[in-house]
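Below is one structure, written out as structure tokens; the observations come after it.
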Amino acid sequence: MHSLDGKTAFITGSGSGIGRESAFLMAKSGAQVVVCERDEEAGRGTVDTIVDEGGTASLVVADVSDDAQMAEAVEATCRRHGGLHILFNNAGIFPDGDGSPVETPLDIWQWVIDVNLKGVFLGCKYGIPAMLESGGGSIINTASFVAVMGAATSQIAYTASKGGVLAMTREIAVEYARQGIRANALCPGPVRTPLLEEFLSDPAVKARRLVHIPMGRLAEAEEIANAVLFLASDTSSYVTGTTFLVDGGITASYVTPE
Ligand code: NAD
């Protein structure tokens, strides 16, 4: 149903978690996948798995916050695969030290904004012209449910970066709608990936989080990847500019069931 035959997908941060599962799923659906990773070994692992299973994938090693590296990464994608149709700006960080506005050091603030927000901007800056030349396509920018809800356990730089991604994506969707590019902000709830596992290693912290999720559990990365596949494929041809929540009901709930 969600065929990606003939399409090339560029996925940042696809050496782990949501990005990796999305790379697997897109490759199985027929896309040529470009794994864009700062961690070469992790990126290589995703590429090797796809190729072992009969798919097509290649690796670009790049830091999404680096202008020249992102320009080169998109250029390499078009050179190797003949174009760009799906741009999944997924790479993101959630470092220790990101807390309340009073406590968060400026260098942590800047690092998070550089990767999570500037990284998405650079993906769009270089990806959009390539997509226009390829006849259009779909952009999926990863925000988070924290872009639409506040938490008392503050992570101020992360939350601000995701709010920026959400607003930026809406504007891109409007600006390019008549040129064949759709853009949606993916807003996952908490997902069981390395990014969150460390934070939730304390059972008390984990329990405090789970109580707010109507489904009472974290998402699996594959469940988020299924939503990404829908947004990437032509099945979602009339879906653009959305705040695409995949959150187990968090943002719908006021009081959760016992
Ligand atoms: P993850 O840590 O499992 O994977 C992230 C990948 O991005 C890693 O392989 C890492 O090497 C790569 N990366 C980090 N910085 C990079 C950079 N500067 N350049 C290139 N690659 C870089 O994370 P995940 O949980 O799969 O998260 C993916 C996205 O989903 C992030 O944007 C995250 O903020 C968002 N998100 C995650 C959750 C969650 O609960 N896990 C919830 C909402 C949103």
Side-chain angles (χ1 to χ4, degrees), residues 10-25 34-47 49 59-70 72-74 88-96 98 110-123 126 140-149 151 153 155 157-166 168-169 185-201 205-206 209-210 212-213 215 217-225 227-228 231 243-248 250-251:
F10 179 88
I11 310 177
T12 66
S14 40
S16 173
I18 297 166
R20 183 173 58 188
E21 287 305 319
S22 301
F24 293 158
L25 206 50
V34 176
V35 171
C36 174
E37 252 298 338
R38 108 189 133 171
D39 179 339
E40 182 165 2
E41 203 184 322
R44 174 65 55 205
T46 302
V47 169
T49 303
L59 175 66
V60 287
V61 178
D63 179 334
V64 294
S65 66
D66 186 293
D67 186 26
Q69 290 181 28
M70 283 301 277
E72 168 54 25
V74 173
F88 183 20
N89 288 306
N90 159 79
I93 55 168
F94 180 35
D96 285 345
D98 183 11
Q110 197 56 55
W111 183 29
V112 173
I113 296 293
D114 279 353
V115 175
N116 293 8
L117 183 55
K118 181 179 159 194
V120 173
F121 163 73
L122 290 174
Y126 296 110
I140 302 124
N141 291 334
T142 303
S144 164
F145 73 105
V146 302
V148 296
M149 293 190 92
T153 48
Q155 42 189 11
Y158 185 85
T159 299
S161 72
K162 296 304 188 179
V165 169
L166 179 59
M168 178 164 65
T169 306
L186 178 77
C187 297
V191 188
R192 209 169 55 83
T193 70
L195 181 136
L196 197 63
E197 262 172 353
E198 205 184 313
F199 178 66
L200 296 182
S201 55
V205 174
K206 186 168 184 178
R209 275 291 171 107
L210 289 182
H212 295 293
I213 308 173
M215 285 193 179
R217 65 173 178 85
L218 303 179
E220 296 297 324
E222 200 185 340
E223 294 177 287
I224 308 299
V228 174
L231 292 173
T243 302
F244 204 90
L245 287 151
V246 187
D247 69 353
I250 295 176
T251 51

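Indexing begins at 1, ligand by ligand and atom by atom, following the structure's order. Computed from a predicted model, the values in this text were never measured in an experiment.
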- Quick one: nearest non-hydrogen protein atom to atom 1 (P) of ligand 1, plus distance? Ser16 OG, 3.6 Å

- Can you pull out the closest protein heavy atom to atom 25 (O) of ligand 1? Residue, atom name and distance to 0.1 Å, please. Thr193 OG1, 2.4 Å

- Task: Could you tell me whether a side-chain N or O of Thr46 sits under 3.5 Å from a main-chain N or O of Ser14, the two making a donor and an acceptor?
- Result: yes

- What part of Arg20 sits under 4.0 Å from ligand 1 if we count only heavy atoms: the side chain, the backbone, both or neither? neither

- Message: How about CD on Glu222, more than 12 heavy atoms from neighbouring residues, nucleotides or ligands closer than 6.0 Å, or not?
- Response: no

- Short side-chain to backbone donor-acceptor contact, Lys206 and Leu200, under 3.5 Å: no

- Message: Quick check for you: to the nearest 0.5 Å, what is the distance between Leu218 atom CG and Leu210 atom CG?
- Response: 5.5 Å

- How far is atom 7 (O) of ligand 1 from its nearest protein heavy atom, and which residue and atom name does that atom have? Gly13 CA, 3.3 Å

- Within the distance-only criterion (no hydrogens, no angle test), does the side chain of Asn90 pair as donor or acceptor with the backbone N or O of Thr12 below 3.5 angstrom? yes

- Nearest-0.5 Å distance, CG of residue Asp247 to OG of residue Ser144: 9.5 Å

- Item | Gly119 touching ligand 1 at heavy-atom level, < 4.0 angstrom | no

- For Ser144, atoms of ligand 1 separated by under 4.0 Å from a heavy atom: 43 (C), 44 (C)

- Closest approach of Val148 and Thr251, non-hydrogen atoms and distance? CG2-CG2, 3.8 Å

- Item | More than 12 heavy atoms of other groups within 6.0 Å of Glu220 CD | yes

- Identity and distance of the protein heavy atom lying nearest atom 43 (C) of ligand 1: Pro188 O, 3.4 Å

- Query: Taking atom OH of Tyr126 and atom CG of Asp67, what is their separation to the nearest 0.5 Å?
  - Reply: 3.5 Å

- Message: Is the shortest side-chain heavy-atom distance between Ile224 and Leu186 below 4.5 Å?
- Response: yes

- Task: Output the list of atoms in ligand 1 that are nearer than 4.0 Å to some heavy atom of Gly17, sorted by atom number.
- Result: 3 (O), 26 (O)

- If you have a sec, work out which protein heavy atom is nearest atom 2 (O) of ligand 1 and how many Å separate them, to one decimal? Leu195 CB, 3.5 Å

- Under 4.0 Å from ligand 1, counting heavy atoms only, is it the side chain of Phe145, its backbone, both or neither? neither

- Query: Looking only at heavy atoms of Lys162, does any of them come nearer than 4.0 Å to an atom of ligand 1?
  - Reply: yes

- Query: For the side chain of Asn141 and the backbone of Leu166, is there at least one donor-acceptor N/O pair under 3.5 Å apart?
  - Reply: no

- Heavy-atom contacts with Asp63 under 4.0 Å: which atoms of ligand 1 show up? List them by number with element. 17 (C), 18 (N), 19 (N)

- Are any of the side-chain heavy atoms of Phe145 and Pro190 separated by less than 4.5 Å? yes

- Are any side-chain N or O atoms of Gln69 and backbone N or O atoms of Asp63, one a donor and one an acceptor, separated by less than 3.5 Å? yes

- Taking the side chain as C-beta and beyond, is there a heavy-atom pair between Leu59 and Glu40 under 4.5 Å? yes

- Query: For atom 11 (O) of ligand 1, what's the nearest protein heavy atom and its distance?
  - Reply: Glu37 OE1, 2.9 Å

- Of all the atoms in ligand 1, which lie at a distance below 4.0 Å from a heavy atom belonging to Ala143? 44 (C)

- Those atoms of ligand 1 less than 4.0 Å from some heavy atom in Leu196: 40 (O)

- Task: Quick one: look up the protein heavy atom nearest atom 21 (N) of ligand 1 and list residue, atom name and how far away it is.
- Result: Arg38 N, 3.4 Å

- Message: I need the contact type for Ile93 against ligand 1. Using non-hydrogen atoms and a strict under-4.0 Å cut-off, is it side chain, backbone, both or neither?
- Response: side chain

- Among all protein non-hydrogen atoms, which one is nearest to atom 35 (C) of ligand 1, and what is the separation to 0.1 Å? Thr142 CG2, 3.5 Å

- Message: Under a 3.5 Å distance rule, please check whether Glu37 uses its side chain to pair with a backbone N or O of Gly15 as donor and acceptor.
- Response: yes

- Looking only at atom types and distance, does a side-chain atom of Asp98 sit under 3.5 Å from a main-chain N or O of Ala157, one as donor and one as acceptor? yes

- Relative to ligand 1, is Ile18 under 4.0 angstrom through side chain, backbone, both or neither, heavy atoms considered? both

- Query: Which of the atoms of ligand 1 are close to Val115, meaning less than 4.0 Å from one of its heavy atoms?
  - Reply: 15 (N), 18 (N)

- Query: So between Tyr158, Phe94, Trp111, whose heavy atom ends up nearest atom 34 (O) of ligand 1?
  - Reply: Tyr158

- Note on the structure: Here the atoms of ligand 1 under 4.0 Å from any heavy atom belonging to Gly92 are 31 (C), 32 (O)

- Query: Does ligand 1 have a heavy atom under 4.0 Å from the side chain of Ala62, from its backbone, from both, or from neither?
  - Reply: backbone

- Hey, is Ala219 touching ligand 1 through its side chain, its backbone, both or neither, going by heavy atoms under 4.0 Å? neither

- Message: If we set the cut-off at 4.0 Å for heavy atoms, which region of Val64 has an atom near ligand 1: side chain, backbone, both, or neither?
- Response: both

- Going by the atom numbers of ligand 1, which of them fall below 4.0 Å from some non-hydrogen atom of Gly189? 40 (O), 42 (C), 43 (C)

- Message: I need the contact type for Ala42 against ligand 1. Using non-hydrogen atoms and a strict under-4.0 Å cut-off, is it side chain, backbone, both or neither?
- Response: neither

